[in-house]
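Basis for what follows: all heavy atoms, side chains included, without hydrogens, waters or symmetry-related copies.
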Amino acid sequence: YSGTKINVKYTKVDKCPTCNGNGSKTGNRTTCPTCNGSGNVRKVITNGHQHTEIITTYPICNGKGWLISDPCQDCHGTGTIEIKDSVNVVVKPGTRYGELILVPGKGFAAPGINGENGDLYVQIIINSDDKFIPDKSGSTHVIRLLNIDYTQAILGDTLYIKSIDETRDIKVEIPAGSEEDTQIRIEREGLRTDGSMIVVVKIIMPTPDNMSPEEKKLLKKIQKIRKK
């Protein structure tokens, strides 16, 4: 809602620092003589007058287009290794559930000496608490659970709850005859001003153990009236 900065730890494929992405221990590699550096081989299949060309990855050089006789001992000739990294990510106010944040240049490294790192996308997952549930549809709405007792559900009531940042009181009108999971929409109280706070009613039923003698007496009286 208000935004924050988080440190994201992750594992990625990066350029091997020992061979600088070359894959060779001495830096020497030769162009594959079969694919001529393309990494692909072409095969033509003829069926009568019909010719079909199939392009596949050449298995000897694994599609790289070069061969290495002295592979790097750290990356085993691939030119890349798996490392642990971290990055600080700024989460802007009003960021939605599932939203992707782009971090340029912090993704996987492309193979080869001149291979550049791709981009990292961080997906935002908003956790629930005892009051709020994120809207997983990706909207700017927020779901607020509100516990009421059975008398408020039957007769209706006016309650006040805190805003998301807990700086303001919000008026909530509980309609008479509310049922479990009744939804009350409060406009402009979501993650952003274009979103709503959707109040979901949860009815808490009393048990004999947490009722006073007076409450039990009144309920028995109501029970007799409803039986007439």
Inset, instruction - Please list, chain by chain and in numerical order, all residues satisfying side chain to side chain donor-acceptor pair (under 3.5 Å) with R144, sequence neighbours excluded. - result: none
Inset, instruction - With the side chain counted from C-beta on, respond yes when I101 and V91 share a heavy-atom pair under 4.5 Å apart, and no when they do not. - result: yes
Inset, instruction - State, without any angle test, whether N36 and S38 hold a side-chain donor-acceptor pair at a distance under 3.5 Å. - result: no
Legend entry - Check: I133 and L145 side chains under 4.5 Å, non-hydrogen atoms: yes
Inset, instruction - Spell out, yes or no, whether L102 and V8 are grouped together once hydrophobic residues are joined by side-chain heavy atoms under 4.5 Å, including indirect joins. - result: no
Legend entry - Side chains of V13 and I81 in contact at under 4.5 Å (non-hydrogen atoms): no
Legend entry - Min side-chain heavy-atom separation V142-D135 under 4.5 Å: no
Legend entry - Nearest non-hydrogen partners of Q152 and I174, listed with the distance: O-CG2, 3.9 Å
Legend entry - Test item: F132 and I164 side chains (from C-beta on) under 4.5 Å apart, heavy atoms: yes
Inset, instruction - Search all heavy atoms of Q183 against all heavy atoms of I198 and return the closest pair with its distance. - result: OE1-CG2, 3.7 Å
Legend entry - Minimum heavy-atom distance I126-P134, with the two atoms named: O-CG, 3.0 Å
Inset, instruction - Would you check, one step at a time, whether the test side chain to side chain contact (heavy atoms under 4.5 Å, CB included) holds for D149 with I203? - result: CA-CA 5 Å; D149 63 35; I203 302 172; over 6 Å; no
Inset, instruction - Report, as yes or no, whether the 6.0 Å neighbourhood of atom NZ on K162 holds more than 12 heavy atoms from other residues, nucleotides or ligands. - result: yes
Inset, instruction - Assess whether atom OH of Y121 is packed by more than 12 heavy atoms of other residues, nucleotides or ligands within 6.0 Å. - result: no
Legend entry - Nearest atoms (heavy-atom pairs only) where G65 meets C35: CA-SG, 3.9 Å
Inset, instruction - Of all the heavy-atom pairs spanning C61 and G39, show the shortest one and how long it is. - result: SG-CA, 4.2 Å
Legend entry - Sidechain-backbone polar pair: S163 side chain, R168 backbone, donor-acceptor under 3.5 Å: yes
Legend entry - V90 to K5 - nearest heavy-atom pair and separation: CG2-CE, 4.1 Å
Inset, instruction - Sequence neighbours left out, what pairs pass salt bridge (Lys or Arg N to Asp or Glu O under 4.0 Å) with at least one residue falling in residues 63-82? - result: none
Inset, instruction - Measure from the side-chain N and O atoms of E189 to the backbone N and O of I186, and report whether any donor-acceptor pair falls under 3.5 Å. - result: no
Inset, instruction - Check the side chains of T34 and Y58 for a donor-acceptor pair under 3.5 angstrom, ignoring hydrogens and angles. - result: yes
Legend entry - Salt-bridge contact K106-D119 (side-chain N to carboxylate O under 4.0 Å): no
Inset, instruction - State, yes or no, whether a side-chain contact exists between W66 and T31 at a heavy-atom distance under 4.5 Å. - result: no
Legend entry - Student check: side-chain heavy atoms of T52 and Q50 closer than 4.5 Å: yes
Legend entry - Cationic N near anionic O, under 4.0 Å, D194 to R192: yes
Legend entry - Check: R185 side chain, S196 main-chain N or O, donor-acceptor pair, under 3.5 Å: no
Using atom types as modelled, flag every donor-acceptor pair under 3.5 Å from a side chain in residues 204-214 to any protein atom, sequence neighbours excluded.
unit_1: T207; atom_1: OG1; unit_2: N210; atom_2: OD1; d: 3.4
unit_1: T207; atom_1: OG1; unit_2: N210; atom_2: ND2; d: 3.4
unit_1: N210; atom_1: OD1; unit_2: T207; atom_2: N; d: 2.9
unit_1: S212; atom_1: OG; unit_2: E215; atom_2: N; d: 3.2
unit_1: S212; atom_1: OG; unit_2: E215; atom_2: OE1; d: 3.4

Inset, instruction - Answer whether the closest heavy-atom distance between the side chains of Y97 and I125 falls below 4.5 Å. - result: yes
